[in-house]
Amino acid sequence: MDVIFLGPPGAGKGTQAQILEKIHGLHQLSTGDMLRKNRMEGTELGKLAQSYMDRGDLVPDDIIIAVVEKELERLPGALFDGFPRTVPQAEALDKLLHRKNRPYTVILFDVGEHLIRERLIGRWVNPKTGRVFHERFSPPPDGKIDTDGTPLIQREDDKPEAVRHRLDVYRKQTEPLIAYYGDARRGRLVKVDATESVENVSKVIAHALGFQDVAATQ
Ligand code: ADP
Ligand code: AMP
């Protein structure tokens with residue numbers, strides 16, 4: 001099964017991807033997590049991506065598309081989290097999936113900017129696993145150390161200045177994908193109210209993908 005999560009930064013895509021991976025066995029393919037891992041390991045890709053990411057700009061399409069193409073070779077299905085983010089990325093993914101005869105569903109996370117800012121500014125992450133917490137909505141453990149012993153961090157690009165820029169970038173470069181996927185010849189597009197609690201959003205997504213709801217399986 002292939003699923004694309006579309007929505008602004010801070011909408012809750014990573015949170016929901018991790019739940020779907022854990023409960024329903026989908027494979028989360030987060031381009032943001034992959035880039036951060038490469039940065040931590042000091043690879044060429046990580047060095048290349050660094051300045052774009054710190055500014056809150058998108059990494060160039062050809063670089064990201066090559067990374068995803070390589071990943072897809074080994075994955076029979078994926079939950080795309082943070083990809084595609086531009087129309088050329090979406091067209092490239094369409095080609096790749098079409099070639100493999102793999103239909104997909106797009107989940108659009110619908111949430112206003114005020115809430116997004118609040119979510120991003122209070123976000124704490126485990127830099128090793130990508131697990132996310134929120135100061136108020138999903139409080140991290142005492143001392144801000146995750147259960148695997150890793151100290152949690154706040155991302156550079158979650159600072160208010162970078163958040164403002166990332167939301168501009170989202171509006172200009174990623175929002176056009178709503179119309180792109182709204183075309184019925186492409187994948188099925190399902191809009192989800194992402195202002196709801198983590199549990200409620202999970203239930204709606206699980207239902208849209210034809211899974212038994214998450215709460216019932218826990
Ligand atoms: P994205 O992957 O779309 O950038 P995240 O999943 O990292 O977003 O979520 C951003 C922040 O909001 C995190 O701190 C997360 O804990 C919190 N969060 C995610 N979903 C919800 C929700 N439904 N209600 C409240 N907080 C949420
Ligand atoms: P995310 O973790 O999804 O918020 O992504 C963090 C940063 O990684 C973004 O602000 C971009 O700089 C970069 N990035 C992640 N995914 C993509 C993508 N699909 N295209 C371009 N840049 C990306």
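Just so it is clear, the structure is predicted and the values come from calculations on it, not from any experiment. Counting convention: from 1, in listed order, for ligands and their atoms alike.
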Hey, could you give me the [atom1]/[atom2] distance between [X] and [Y], rounded to the nearest 0.5 Å?
X	Y	atom1	atom2	answer
F211	L20	CZ	CG	6.5 Å
H98	Y104	NE2	OH	10.5 Å
H24	L79	NE2	CG	11.0 Å
R39	L48	CZ	CG	11.5 Å
I64	Q89	CD1	CD	6.0 Å
K203	E196	NZ	CD	10.0 Å

Salt-bridge test for [X] and [Y]: reply yes if a basic N is under 4.0 Å from a carboxylate O, no otherwise.
X	Y	result
E135	R123	no
K47	E41	no
K95	E91	no
R186	D94	yes

Report the nearest protein non-hydrogen atom to [atom]: residue, atom name, distance rounded to 0.1 Å.
atom	result
atom 12 (O) of ligand 2	D57 O, 2.6 Å
atom 15 (C) of ligand 1	T15 OG1, 3.7 Å
atom 22 (C) of ligand 1	R119 NH2, 3.3 Å
atom 7 (O) of ligand 1	R123 NH1, 2.6 Å

Could you tell me which atoms of ligand 2, counted from 1 in the order shown, lie closer than 4.0 angstrom to a heavy atom of [X]?
X	result
T31	15 (C), 16 (N), 17 (C), 19 (N)
L35	8 (O), 13 (C), 14 (N), 15 (C)
Q89	18 (C), 19 (N), 20 (N), 21 (C)
G32	2 (O), 5 (O), 15 (C), 16 (N)
R166	4 (O)

Is R36 near ligand 2, meaning one of its heavy atoms is under 4.0 Å from it? yes
Are R155 and ligand 2 in contact, using a heavy-atom cut-off of under 4.0 Å? yes
Below 3.5 Å, N or O to N or O, backbone or side chain included: is there any such pair between [X] and ligand 1?
X	answer
G12	yes
G14	yes
V132	no
V201	no
W124	no
F133	yes
D81	no
Q16	no

Could you tell me whether [X] and ligand 2 have an N or O pair separated by under 3.5 Å?
X	value
D33	no
V59	yes
P84	no

How close do L72 and A78 get, counting heavy atoms only, and between which atoms? CD2-CB, 4.4 Å
Given that the side chain starts at C-beta and the backbone is N, CA, C, O, which of these parts of L58 lies under 4.0 Å from ligand 2, counting heavy atoms, or is it both or neither? both
Checking side-chain polar atoms at under 3.5 Å, does D157 have a donor or acceptor matched by the opposite partner on H165? no
For the ring pair F5 and F80, is the centre-to-centre distance below 6.0 Å? no
Between P9 and ligand 1, find which residue part has any heavy-atom pair under 4.0 Å and reply side chain, backbone, both or neither. backbone
Does ligand 1 have a heavy atom under 4.0 Å from the side chain of A17, from its backbone, from both, or from neither? neither
Suppose I only count heavy atoms of V198 and a 4.0 Å limit; which atoms of ligand 1 are within that range? 20 (N), 21 (C), 22 (C), 23 (N)
Determine the interplanar angle of the H134 and F137 rings, folded into 0 to 90°, and report it as parallel if under 30°, tilted if 30 to 60°, perpendicular if over 60°. parallel
Out of R85, M53, M34, the nearest non-hydrogen contact to atom 1 (P) of ligand 2 is supplied by R85
